[in-house]
Amino acid sequence: WMDCSGDCDDSDPGIFPGAPEVHDGADNDCNGLFDDGVLPYGGLLITEIMYDPAAVADFDGEWFEVYNATLFPINMLGFEVFDDEFNAFSISHDVWVDPDDFAVLGSNGDTVTNGGVFVDYEYAIGDFHLANGDDAIHMELAALPVDSVQYEPGNYWPTASGASVSLDPAKFDETYNDFGTHWCATHDWPDYMLDAGDYGTPGSANPSCCPDWDGDGYLDADCGGDDCDDDDPAVHPGAAEVCDGYPDNDCDGQYALDELDADGDGFSICDG
């Protein structure tokens, strides 16, 4: 038996030409687009941008990452991506992004020449280019906005050459990703890119923008953590006060008495 009615899924009575589109990851009205008109703004977020690669040629190594923040798979078929100038491309084939997962769109899908990046969709560099200075990435589906990011290196945005800029995972939100203070230059690779050269985590979880540089389990106080010296693993909240020349090992704001010269004679208890 052949269905000649144009029904794109004859096993589901809720899917047929003209059916109301609902946000469920399906093409309910059989128009070739998925969740068009009902995908919530920010349902697909821009979370990482490689605008200035250094280990490979600039046009070969550009890419950006998106994240599915919804509960349903998203097919990016039909998405329009453009900047504030005249650069734009349309996604012409299926690109499925599962919930709580990522997809990478780049100018070059060859891992030999692009820095080892696995690209889910390759766009033509002649159609779209990520400027090393101020630029924007806008995404639309059926003329309705999905997400936008305007980056301005040096103007409250991190400047990164040879590294991507990534959104702090604590700020995965369509409003938070508008602010450069929630982004940072990436200092990591995913496991498959360990020898690639340029830093970035395409298709993998983003690192925190509040790092633990000394690996002691406490985050740097400069970005909201409570480690008052993130270069020294012996200095953190709860650390033992010891005679090491650092007067506040436990970051409680109180100097250890043994480190101080309380009577002013030129010697502390730690000095003997």
>> Go through it in stages, so that I can follow the logic: the residues are T47 and F102, the test is side chain to side chain contact (heavy atoms under 4.5 Å, CB included), and I'd like the CA-CA distance, side-chain angles, deciding distance and then a yes or no.
In response: CA-CA 9 Å; T47 53; F102 302 88; 3.9 Å; yes
>> Any heavy-atom pair between the side chains of P53 and Y199 that's under 4.5 Å?
In response: no
> Could you walk me through whether F79 and L33 pass the side chain to side chain contact (heavy atoms under 4.5 Å, CB included) check?
Replying inline: CA-CA 9 Å; F79 272 59; L33 300 176; over 6 Å; no
> For the residue pair F128 and F89, does the interplanar ring angle fall in the parallel (under 30°), tilted (30 to 60°) or perpendicular (over 60°) class?
Replying inline: perpendicular
>> With a sphere of 6.0 Å drawn around OH of Y176, does it hold more than 12 non-hydrogen atoms of other residues, nucleotides or ligands?
In response: no
>> Under a plain distance cut-off of 3.5 Å, with no hydrogens placed, do Q150 and D84 share a side-chain donor-acceptor pair?
In response: yes
> Relative to the ring of H138, is the ring of F82 parallel (under 30°), tilted (30 to 60°) or perpendicular (over 60°)?
Replying inline: tilted
> Yes or no on ring-ring contact (aromatic ring centres under 6.0 Å, His included) for Y156 and F179, after CA distance, side-chain angles and deciding distance?
Replying inline: CA-CA 8 Å; Y156 297 103; F179 298 95; 10.0 Å; no
> For the rings on F172 and Y67, is their centre-to-centre separation under 6.0 Å?
Replying inline: yes
>> Quick check: do L105 and W63 have side-chain heavy atoms less than 4.5 Å from each other?
In response: no
> Can you say whether the rings of W157 and W183 are parallel (under 30°), tilted (30 to 60°) or perpendicular (over 60°)?
Replying inline: tilted
> Does the pair V56 and N114 meet the rule for a side chain to side chain contact (heavy atoms under 4.5 Å, CB included), with working shown?
Replying inline: CA-CA 6 Å; V56 297; N114 74 1; 5.6 Å; no
> Are any non-hydrogen side-chain atoms of S164 and F64 less than 4.5 angstrom apart?
Replying inline: no
> Does the N68 side chain pair with the main chain of L44, one donor and one acceptor, at a distance under 3.5 Å?
Replying inline: no
>> Rounded at 0.5 Å granularity, tell me how far CD in E65 sits from CG in L167.
In response: 9.5 Å
> Is it true that the side chains of D83 and N87 contain a donor and an acceptor less than 3.5 Å apart?
Replying inline: yes
> Any link between Y151 and M139 through a network of hydrophobic side chains (Ile, Leu, Val, Met, Phe, Trp, Tyr) touching at under 4.5 Å?
Replying inline: yes
>> With heavy-atom distances below 4.5 Å as the criterion, would you say the side chains of I49 and I137 are in contact?
In response: yes
>> Please check this pair: side chain of Y51 against backbone of A160, looking for a donor-acceptor N/O pair closer than 3.5 Å.
In response: yes
> Would a distance-only check, ignoring hydrogens and angles, find a side-chain to backbone donor-acceptor pair under 3.5 Å from D35 to G25?
Replying inline: yes
> How many angstroms lie between atom CG of L45 and atom OG1 of T70, to the nearest 0.5 angstrom?
Replying inline: 10.0 Å
>> Membership question, hydrophobic clusters at under 4.5 Å side-chain separation (ILVMFWY): are F72 and L141 in the same one?
In response: no
> Would you say the side-chain atoms of H182 pair up with the backbone N or O of D168, donor to acceptor, closer than 3.5 Å?
Replying inline: no
> Among side-chain atoms of D52 and S161, is any donor-acceptor pair under 3.5 angstrom?
Replying inline: yes
> Could you state the interatomic distance from CG (D94) to CG (D120), rounded to the nearest 0.5 Å?
Replying inline: 12.5 Å
> Does a side-chain heavy-atom distance below 4.5 Å link D29 with P17?
Replying inline: no
>> Please give me the minimum heavy-atom distance between A19 and N28, naming the atom from each residue.
In response: CB-O, 3.3 Å
> Out of curiosity, H129 NE2 to E85 CD, how far, rounded to the nearest 0.5 Å?
Replying inline: 11.5 Å
> Cluster question for you: counting only ILVMFWY and a side-chain heavy-atom cut-off of under 4.5 Å, with indirect links fine, are V97 and V117 together?
Replying inline: no
> Is there side-chain contact between Y218 and D226, with at least one heavy-atom pair below 4.5 Å?
Replying inline: yes
>> Please tell me whether V146 and F34 are part of a single hydrophobic cluster in this structure, the criterion being side-chain heavy atoms less than 4.5 Å apart.
In response: no
> Can I91 be reached from W96 by stepping across I, L, V, M, F, W or Y side chains whose heavy atoms are under 4.5 Å apart?
Replying inline: no
> Which value, rounded to the nearest 0.5 Å, describes the distance between E140 atom CD and L39 atom CG?
Replying inline: 12.0 Å
> Are E21 and D27 side-chain neighbours, meaning at least one heavy-atom pair lies under 4.5 Å?
Replying inline: yes
> How about E48 and T201: does a side-chain donor come under 3.5 Å of a side-chain acceptor?
Replying inline: yes
>> If only side-chain N and O atoms count, and only distance matters, is there a donor-acceptor pair under 3.5 Å linking N177 with D173?
In response: no
> Under the 3.5 angstrom rule, does the side chain of D229 hit a backbone N or O of H236 as a donor-acceptor pair?
Replying inline: no
> Are a donor atom and an acceptor atom from the side chains of D60 and S107 found within less than 3.5 Å of each other?
Replying inline: no
> What heavy-atom pair brings D134 and A131 nearest, and what distance separates the two atoms?
Replying inline: O-CB, 4.0 Å
> Within the distance-only criterion (no hydrogens, no angle test), does the side chain of E62 pair as donor or acceptor with the backbone N or O of L130 below 3.5 angstrom?
Replying inline: yes
> Is the backbone N or O of G42 less than 3.5 Å from a side-chain atom of D147, with the two atoms forming a donor-acceptor pair by type?
Replying inline: no
> Which value, rounded to the nearest 0.5 Å, describes the distance between S92 atom OG and Y121 atom OH?
Replying inline: 3.0 Å
>> Do T186 and S166 make a side-chain contact, defined as non-hydrogen atoms from C-beta onward lying under 4.5 Å apart?
In response: yes
> Excluding sequence neighbours, so at least two apart, what forms side-chain hydrogen bond (donor to acceptor under 3.5 Å, both in side chains) with N206?
Replying inline: none
